[in-house]
Each structure stands twice: as structure tokens, then as C-alpha cells.
Amino acid sequence: MAVKTGFWAQAKNDPTRIALIDAAGQSMRFGELDERGNRLSNGLRSLGLQYRDGIAMLMHNDPAWIEIFLATHQAGLYLTPINYHLTGPEVAYIIENCEAKAFIAHERHAAAAIRAVEALNYDRSRCFAVGNIPGFRSYDAFLAEQPVTPPAERQAGTLMLYTSGTTGRPKGVRRPLMPGNPDVVASMAGMLGALFQLSAGDGVHLVTGPLYHAAPGGFGSASLHMGHTLVLMDKWDAEETLRLIEAHRITSTHMVPTMFHRLLALPDTVKQRYDVSSLRAVIHGAAPIGVEAKKALIEWWGPVIYEYYGATEGGGTIATSEDWLKKPGTVGRPWPGTEIRIFDDAGNSLPAGEPGNVYMKSMVGEFEYYKDPAKTRESHRDGLFTVGDIGYVDDDGWLFLCDRAKDLIISGGVNIYPAEIEKALMEHPKVADAAVFGIPNEEWGEEIKAVIQPADGIAPGPELAEELMAFASERLARFKLPRSIDFAVELPRLDTGKLYKRFLRDPYWEGRERKI
């Protein structure tokens with residue numbers, strides 16, 4: 001018999017099955033999770049929230065995150081999860097910008113939560129704490145006061161995510177709510193699962209990244225709607241990931257390339273200690289990965305690696321392991337219902353093989369940057385949108401990314417893509433992470449600077465810099481080689497894999513105008 005897709009259908013059909021396991025190993029069943037989601041839906045309605053209203057939450061990978069997601073998605077509300085690394089003023093900006101009519105925070109993030117609501121003079125009767133935050137109402141007590149039955153007139157809600165803000169203030173990505181019953185909308189998760197050859201029914205999904213981000217949250221919620229058990233990680237660790245895969249017989253997960261590099265850097269004795277044969281789909285995106293590193297991962301885990309290209313705004317492309325091995329370096333071909341086109345700066349379509357601005361049409365529909373019509377207009381062209389990436393499509397329709405437009409280095413009039421150089425440096429076993437960017441040069445306009453995070457136990461210094469330059473010179477043309485290499489204890493990279501490169505680059509450009 002076919003298994004129905006959608007969390008609420010799963011909860012009705014098999015309420016005693018395990019829905020999620022938190023980082024402490026505590027489990028929650030589908031029926032229990034459904035009841036708590038119902039209570040919160042009713043509670044939000046009791047506060048006067050109506051269709052298309054929004055709430056915000058400041059939450060790490062905690063079961064409450066999932067409860068809040070389910071509650072808003074059957075009450076016709078927008079939900080904005082906030083990056084828990086942000087400061088109080090940054091949290092306040094998002095709460096105010098998204099017009100949240102309720103705010104839920106975990107006690108682990110109490111300092112930022114308190115500072116945010118104080119800055120806004122936010123109504124404390126609409127602030128709820130998972131745990132204890134002075135001045136906030138108890139989340140658990142609030143739920144206990146509410147009916148356990150589903151809310152009346154259930155309507156589909158959605159997420160209103162904010163971009164990471166690596167080049168400025170975060171922008172809210174807002175889409176119209178999908179009309180109809182939440183169960184019908186939830187059943188569409190099966191379409192996403194089909195792209196990665198996942199089906200409804202038995203399955204276990206490992207959440208390795210923060211749920212507030214589009215990819216870990218999106219793949220996690222889709223897996224739950226397909227009836228898969230979620231296993232939540234709080235802080236990512238390479239060996240712990242392998243342990244969880246074996247212990248819970250993980251079938252799918254989403255990772256970023258920095259995780260792959262750290263997994264591959266584990267001693268062979270550690271890699272061989274764990275059974276990863278349960279894996280069916282390991283999905284990745286967000287940042288570039290070197291060809292040799294990905295080949296090594298496929299050899300270790302088998303042809304279960306799926307690469308995609310997309311963004312908070314939508315996606316995208318997909319490449320299976322078999323696809324990628326035929327076209328090493330590709331990020332795939334368009335998903336069904338999507339489109340990829342390459343334009344030059346003047347808006348002209350470019351032929352195959354010629355790099356330009358990557359535009360795509362998302363299968364999830366149109367969006368706007370909330371309260372920023374100028375940014376919305378700038379990002380759209382001919383019914384497609386761009387997030388500022390540069391790439392090209394080959395003769396067979398496969399997309400290859402070069403870099404972000406803002407990261408492009410122009411030296412002596414030549415375009416240089418830092419991502420290519422970073423991937424080459426990352427192939428060296430003594431490199432844990434790498435960032436490449438342009439700094440001022442009076443003669444050439446810009447020159448190439450590399451900042452390296454050495455692997456554990458490797459000492460930085462001139463000898464390592466010389467070794468890395470020799471390594472890079474065997475893989476890159478002379479004009480692509482860094483003029484200098486610096487070292488850092490840790491690069492400013494988000495949990496999602498995205499690098500805050502401007503924190504490294506901006507000091508060199510202080511008082512000067514960068515043309516890109």
C-alpha cells in the first residue's frame with residue numbers, strides 16, 4: 001500500500017512511531033509532536049494572530065524548532081527562524097523587519113533575545129521562552145493551557161527566511177502563501193524527495209546543520225513530511241557524524257563541503273571503524289568542493305552523493321554521483337520546472353561555455369525581498385532571478401560555477417575566480433580551509449591574497465607557505481597563483497558552509513574604492 005506523504009497523515013496513521021531524536025538522545029513520537037504542534041497553533045490563534053501574520057524564533061536544533069514549524073504551517077502563518085549566532089541588535093532588526101507578532105526563544109540564546117526585545121520595547125506578553133528567560137512567558141506552560149485538537153480552519157503557512165547577509169543587512173525572502181489544506185501542501189515534499197531518489201516511509205535523516213538555514217531546515221522538514229525520523233545534531237563533529245550514521249542507520253543527510261574535508265581528514269582507522277552502508281542520499285551544496293576530494297568521498301561512501309545548486313530564494317540544479325563523475329565539477333542540470341540562463345552585465349544571453357551571471361527560475365514560485373522593491377527588481381530578469389553567482393553552461397546543458405560576482409578578482413584586466421584557487425589549495429592534506437580574495441595593487445589593480453587555516457597539528461609559517469605555493473603551481477596557471485599567503489587559526493565560515501570573506505578582505509580596502 002502506498003505511504004501517504006505529509007507529517008499530519010503520518011501522525012494519524014502511525015502516532016507511536018519515532019519522529020525525532022534530539023542531540024541528547026531523547027526521542028519524540030509522531031503523535032506527541034502532532035499534539036504539541038496543535039497546542040501551539042491554538043495558542044497563537046488565541047493571541048489574535050491571523051492568516052498571513054508572522055512570528056519569529058531564536059532557536060538552535062531543538063525539538064521546539066520542529067513544533068513551531070508544524071504549528072505555523074497549519075495555522076496559515078509566516079515563520080522566520082533567526083540565526084542564533086546574531087547579536088541582540090541584529091536579532092531586533094529581523095524581528096522588526098518581518099513584523100513578528102510573537103517571538104519564541106530558547107534560554108541558551110537569552111542574552112541576544114533580551115537585548116533584542118528591550119531595543120524594540122517589544123510586548124513581553126508575546127515573548128515565550130523554551131526554558132527560562134527573565135521577563136518571557138514559559139513556552140511549555142503556554143502549550144499546556146491550549147486545546148490539543150487541531151486548530152479550526154487549518155491553512156498552509158510557510159517560512160520567511162532571511163539571507164545570510166554576508167554582503168550587507170539580511171533580506172527577508174517572502175513568497176505568497178500557497179492556498180489550500182496544509183496536508184495537500186505537505187504532500188509536495190514527495191516531489192523534493194523524488195529528486196534525490198527518496199521515498200515516503202521508513203527512513204532516517206541526520207540534520208547536521210542549523211535548521212534556521214534554508215537547506216538543513218528544508219531537507220529536514222521534507223524528510224519529516226515523508227515520514228522519516230529526524231536525528232538532530234547540535235554541534236557538528238566529524239567522528240560523531242559517523243557514529244550517528246551507524247547507530248541510527250541514517251539513510252539521508254545534508255552536508256556542506258567543509259564537513260566533507262574534515263571527514264576525509266580523519267585517520268583511516270577512524271573511517272574504517274564505522275558502518276555507513278545505510279546511506280542512500282548525501283546531499284550537498286552551499287560552497288565549492290575540489291574534484292579529488294569529491295572523488296575520494298564517492299569511493300568511500302559509494303554513489304550516494306547528490307550535488308545541487310540553489311539559494312534561500314530558490315533552486316536550482318542537481319547532479320547525481322554518476323552525473324558528476326561524467327562531468328567532474330558540475331553542479332548539475334536544472335530540476336524539473338526550473339530553468340538556467342547565463343547573461344552578461346548588459347542582459348544579453350551568452351552562449352555555451354562563456355561565463356556570465358547565472359539566472360534561474362525556481363520551481364517554488366516568485367518571491368520578493370521584503371520591504372526592498374529595488375533589490376527585488378535588481379535580482380530579476382525575464383522572469384528569472386540571480387543571487388550574484390558567475391558560471392557557464394556547457395554544450396550538454398550542465399552548469400559549472402566560477403565564483404560569486406562580488407568575489408571576482410580583476411588583476412591587470414584579467415578575471416580571476418578565487419573559488420578555483422581555493423579548491424586547488426584545499427586538495428593539500430595540510431590545509432583545513434582556504435580563502436582567496438583580491439587586495440589592492442598599484443600596478444595591477446588587484447593581486448591575489450590567500451589565507452589558510454592549517455590542518456590540526458600543522459604549524460603555520462614560511463615553510464608551509466612555500467610548500468603550498470609549489471603545490472598550487474602544479475595545478476594552476478601562473479597568473480592565478482597567490483602573491484602572498486597568510487595563516488589563520490580559523491576562517492570566519494558559517495555553519496552553513498558560507499564564508500564571511502568580507503571580514504578578511506575589507507581591512508585591505510579601507511579608505512579605497514573597490515570597483516566590483
Practice problem: Given salt bridge (Lys or Arg N to Asp or Glu O under 4.0 Å), test Glu427 with Arg475 step by step and report yes or no. | Solution: CA-CA 10 Å; Glu427 298 288 354; Arg475 291 158 175 79; over 6 Å; no

Quiz item: Is it true that atom CG of Asp456 has more than 12 heavy atoms of other residues, nucleotides or ligands lying nearer than 6.0 Å?
Solution: no

Quiz item: Does Phe437 have Lys449 sitting over its ring (NZ/CZ under 6.0 Å from centre, angle to axis within 45°)?
Solution: no

Quiz item: Taking all atoms of both residues into account, what is the closest heavy-atom pair of Ala435 and Leu499, and its distance?
Solution: CB-CD2, 3.5 Å

Exercise. Please determine if Glu446 and Arg505 form a salt bridge, counting it only when a charged side-chain N lies under 4.0 Å from a carboxylate O.
Key: no

Quiz item: Taking Glu246 for the side chain and Asp275 for the main chain, is one N or O donor matched with an acceptor at less than 3.5 Å?
Solution: yes

Exercise. Flag the pair Ile289 / His261 as yes when at least one side-chain heavy-atom distance between them is below 4.5 Å, and no otherwise.
Key: yes

Self-check item: Ion pair check, Arg108 and Asp234, cut-off under 4.0 Å
Solution: yes

Practice problem: Tell me, yes or no, whether the heavy-atom count around Glu322 atom CD, taken from other residues, nucleotides or ligands under 6.0 Å, exceeds 12. | Solution: yes

Exercise. Nearest 0.5 Å please: distance from the CD1 atom of Ile104 over to the CD1 atom of Ile82.
Key: 11.0 Å

Exercise. Rounded to the nearest 0.5 Å, what's the gap from NZ on Lys430 to CG on Leu464? Could you check?
Key: 6.5 Å

Self-check item: Partners passing ring pair (Phe, Tyr, Trp, His ring centres under 6.0 Å) against Tyr417 (at least two apart in sequence or in another chain)
Solution: none

Self-check item: 4.5 Å side-chain heavy-atom contact, Leu263 and Glu239
Solution: no

Exercise. Measure from the side-chain N and O atoms of Asp22 to the backbone N and O of Pro63, and report whether any donor-acceptor pair falls under 3.5 Å.
Key: no

Exercise. Would you confirm whether the ring centroid of Tyr370 sits within less than 6.0 angstrom of the ring centroid of Tyr162?
Key: no

Practice problem: Just do the side-chain contact (heavy atoms from CB on, under 4.5 Å) check on Ile410 and Asn415 with the steps written out, would you? | Solution: CA-CA 5 Å; Ile410 302 178; Asn415 290 352; 3.7 Å; yes

Self-check item: Pair Arg333 + Asp323, salt bridge at N-O below 4.0 Å
Solution: no

Exercise. Any chance you could measure Asp486, atom CG, to Leu504, atom CG, to the nearest 0.5 Å?
Key: 9.5 Å

Quiz item: Between the main-chain N or O of Ala215 and the side-chain N or O of His213, is there a donor-acceptor pair closer than 3.5 Å?
Solution: yes

Quiz prompt | Which atom of Tyr369 lies closest to which atom of Ser379, heavy atoms considered | solution = CE1-OG, 3.5 Å

Self-check item: Ring centers of Phe385, Tyr359 separated by less than 6.0 Å
Solution: no

Quiz item: Considering only heavy atoms from C-beta outward, does the side chain of Gln26 approach that of Ile21 to under 4.5 Å?
Solution: no

Exercise. Applying side-chain contact (heavy atoms from CB on, under 4.5 Å), run through Leu195 and Met191 and close with a yes or a no.
Key: CA-CA 7 Å; Leu195 288 172; Met191 295 169 58; over 6 Å; no

Quiz item: Do Ser252 and Phe196 come close enough that some side-chain heavy atom pair is under 4.5 Å?
Solution: no

Quiz prompt | Thr80 side chain vs Met160 backbone, donor-acceptor pair below 3.5 Å | solution = yes

Practice problem: Assess whether atom CD of Glu466 is packed by more than 12 heavy atoms of other residues, nucleotides or ligands within 6.0 Å. | Solution: no

Quiz item: With a cut-off of 6.0 Å (strictly less than), are more than 12 heavy atoms of other residues, nucleotides or ligands near NZ of Lys371?
Solution: yes

Quiz prompt | Short N-O contact, Arg243 and Asp237, less than 4.0 angstrom | solution = no

Quiz item: Would a distance-only check, ignoring hydrogens and angles, find a side-chain to backbone donor-acceptor pair under 3.5 Å from Lys171 to Arg169?
Solution: yes

Quiz item: Is it true that a side-chain atom of Ser321 and a backbone atom of Ile305 form a donor plus acceptor pair closer than 3.5 Å?
Solution: yes

Practice problem: With the side chain counted from C-beta on, respond yes when Pro482 and Met469 share a heavy-atom pair under 4.5 Å apart, and no when they do not. | Solution: yes

Practice problem: For the pair Glu420 and Lys480, find out whether any cationic side-chain nitrogen is under 4.0 Å from an anionic carboxylate oxygen. | Solution: yes

Exercise. Report yes if the distance between the aromatic ring centroids of His380 and Phe367 is under 6.0 Å, otherwise no.
Key: yes

Quiz item: Is the side chain of Asp382 donor-acceptor paired with the backbone N or O of Leu384 at a distance under 3.5 Å, no angle test?
Solution: no

Quiz item: Is there a donor in the side chain of Thr241 and an acceptor in the side chain of Trp236, or the other way round, less than 3.5 Å apart?
Solution: yes

Quiz item: Do Thr386 and Arg381 get their side chains close enough for a donor-acceptor pair, meaning under 3.5 Å?
Solution: no

Exercise. Please round to the nearest 0.5 Å and tell me the distance separating atom CG of Asn83 and atom CE of Met59.
Key: 13.5 Å

Exercise. Measure the spacing between NE2 of His228 and CZ of Phe219 and express it to the nearest 0.5 Å.
Key: 13.0 Å

Quiz item: Going by atom types alone, do Asp345 and Asn357 pair a side-chain donor with an acceptor below 3.5 Å?
Solution: yes

Quiz item: Judged by atom type as modelled, is there a donor-acceptor pair below 3.5 Å linking the side chain of Lys361 to the main-chain atoms of Ile340?
Solution: no

Exercise. Kindly state each residue pair satisfying ring-ring contact (aromatic ring centres under 6.0 Å, His included) with at least one member in residues 452-484, sequence neighbours excluded.
Key: His428-Phe471

Quiz item: Donor-acceptor pair, Trp398 side chain versus Thr330 backbone, under 3.5 Å?
Solution: no

Self-check item: Smallest separation among heavy atoms of Leu232 and Asn61, with atom names
Solution: CD1-O, 3.7 Å

Self-check item: Closest heavy-atom pair and its distance - Pro454, Ala488
Solution: CD-O, 3.5 Å

Quiz item: Can you name the closest pair of heavy atoms from Leu206 and Thr253 and give their distance?
Solution: O-OG1, 2.7 Å

Quiz item: Which value, rounded to the nearest 0.5 Å, describes the distance between Ile416 atom CD1 and Cys402 atom SG?
Solution: 13.0 Å

Quiz item: Which residues pass the ring pair (Phe, Tyr, Trp, His ring centres under 6.0 Å) test with Phe260, sequence neighbours left out?
Solution: His284

Quiz item: Passes side chain to side chain donor-acceptor pair (under 3.5 Å), Ser349 versus Arg341? Steps please.
Solution: CA-CA 7 Å; Ser349 290; Arg341 293 177 63 185; 2.8 Å; yes

Practice problem: Indicate yes or no: does Lys375 engage Glu368 in a salt bridge with an N to O separation below 4.0 Å. | Solution: no

Self-check item: Which atom of Ala352 lies closest to which atom of Asp395, heavy atoms considered
Solution: CB-OD1, 3.3 Å

Quiz item: Is there a side-chain contact between Thr320 and Pro303, using heavy atoms and a 4.5 Å cut-off?
Solution: no

Quiz item: So, His254 versus Tyr308: side-chain donor-acceptor pair below 3.5 Å or not?
Solution: yes

Self-check item: Polar side-chain atom of Trp509 near backbone of Gly438 as donor-acceptor pair, under 3.5 Å
Solution: yes

Quiz prompt | Stepwise side-chain contact (heavy atoms from CB on, under 4.5 Å) test for Leu161 and Tyr212 | solution = CA-CA 8 Å; Leu161 300 175; Tyr212 68 72; over 6 Å; no

Quiz item: Given Lys295 and Glu292, is the side-chain contact (heavy atoms from CB on, under 4.5 Å) satisfied, shown in steps?
Solution: CA-CA 5 Å; Lys295 284 181 179 178; Glu292 295 307 315; 4.0 Å; yes

Quiz item: Do Arg493 and Asp433 touch side chain to side chain, with heavy atoms closer than 4.5 Å?
Solution: yes

